[in-house]
Amino acid sequence: MNRLPISAPSILLSFVAILACQSLQAGDSPRPNVVVILADDLGYGDLGCYGHPTIRTPHLDRMAREGLRFTQFYSAAEVCTPSRAALLTGRLPPRSGMCSGKRRVAFPNTTGGLPDGELTIAELLKTKGYATACFGKWHLGHLPAFSPQRHGFDEYFGVPYSNDMDRVATSPMGRAAFLDPKIDYWNVPLLKNGEIVERPADQHTLTRRYTDEAIRFIRAHKEGPFFVYLPHTMPHVPLFVSSEFAGKSPRKLYGDVVEELDANVGRLLQALRDEKLAERTLVVFTSDNGPWLTQGDQGGSAGLLKDGKGSTWEGGMRVPGLAWLPGWIPPGTVSQELASTLDLLPTALALAGVDLTQDRPLDGYDVSPALSGGKSPRQEMFYYRGFELMAVRLGPWKAHLQTQTGYGQPMAEKHDPPLLFNLEVDPSERFNVAAANGDVLQQILALVTKHRAGMQPAPSQLE
Ligand code: MG
């Protein structure tokens, strides 16, 4: 049996957090509800509260003002499928086999999916009586054996894979289909509890309809506890927006889409306030990977970070990370602590009082101390592309063993010695300081050796 590694100071901070949680649990609902909202391909620089000059996100900005905004928050992978598998299991993608060096994500003809033996946040929270639902893009295997219901979700409404898949033969070729997208260029199904209810899915209304379902579910289960996983289809290309938001943003269609997402986060938070659930519900907002930069102005922005989706440069995996739990998370907290979507499982389980002891290695930490404004137990981050360990962060330092742009560079470039950047001094990864910091490199290489010794990859489910 493996326990999560935890240091003495973090035990103390965890104890403080546990005391805080006990007061959280002292009301008539003993366990906090958990809502995870995941945007698709939203970049580090795409929200007002992360510095975007023209995309207006007043509801997410308010969420940050009332809660916590991480400046160093990481998705668990650089593309959709491995990132989602890791978020739901708290395990790096190679451990579940939900990654591949060839087909990097699941496609409509993929026959694999998230293995039955993996334990998701939903399955584990169900052991404490949580009602669970997933509304949005699944992308962890579309065959019934891998469905959300097989992984602990009582309800599901959404699309099984990316909205640019299942393209019909008569649609325009290549990126041309994205420039003026029409619903019938793609044959993506919309499913409700395993049944196709619409095909092609009307993508103009997905953002609103996922949110409608989430609000309905929250109201139906307001006695709690509940877990809602809300992985939006947007702003992944093809971009679709409802008529209410079309043509409104100075950032054109991409801005319209993000502003509609923002408004729907606002609707969900308001529903929680109206139901008097705000102080009993942890809401996390983040993105599955960085912006898809090769999509021109239809892709987002990683702000000052290098590269984007598909890459293990910072822009591929450092994403917006907001957490909201009024009365427990101090308002207006800006945290420079390290945290990752890998940490959502251990953190949610700790808040729910689920024993974290598992018969398998976990790669996440209970970051509830950081959520209450303290230190994070996370000191390192491993950046994988498929099964390849590309880079490692330790404290402020990041060493690249290999580099490859997200798209357009066919082979990775290996680095021996590794490239080394101090991300706190140089967040854009411009100045390689390996030569002057041999001791740091040695420390990171020792960490790599230890990590590799504990990594037993599963066969790929995506090939
Ligand atoms: Mg994505």
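Atoms within each ligand, like the ligands themselves, are counted from 1 in listed order.
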For this session: Check step by step if salt bridge (charged side-chain N to carboxylate O under 4.0 Å, His left out) holds for Asp40 and Lys137.
Result: CA-CA 9 Å; Asp40 194 347; Lys137 169 179 165 180; 2.4 Å; yes
For this session: Among the N/O/S atoms of Asp41, select the one at the shortest distance from the Mg ion (ligand 1) and name it.
Result: OD1
Exercise. So, do His142 and Asn109 sit near enough that their side-chain heavy atoms are less than 4.5 Å apart?
Worked result: no
Exercise. Does Glu337 offer a backbone N or O that forms a donor-acceptor pair with the side chain of Ser335 under 3.5 Å?
Worked result: yes
Problem set entry | Distance-only donor-acceptor check, side chains Asn33 and Tyr130, under 3.5 Å | no
Exercise. Nearest to the Mg ion (ligand 1), which N, O or S atom of Asp40 do we find?
Worked result: OD1
Exercise. How open is the angle at the Mg ion (ligand 1) from atom SG of Cys80 over to atom OD1 of Asn289, rounded to 10 degrees?
Worked result: 100°
For this session: Using a cut-off of strictly less than 2.8 Å, determine whether Ser287 has an N/O/S atom near the Mg ion (ligand 1).
Result: no
For this session: Write the atom name of the N, O or S atom in Asp288 that is nearest the Mg ion (ligand 1).
Result: OD2
Exercise. Looking just at side-chain N and O atoms, do Tyr50 and Thr71 make a donor-acceptor pair shorter than 3.5 Å?
Worked result: no
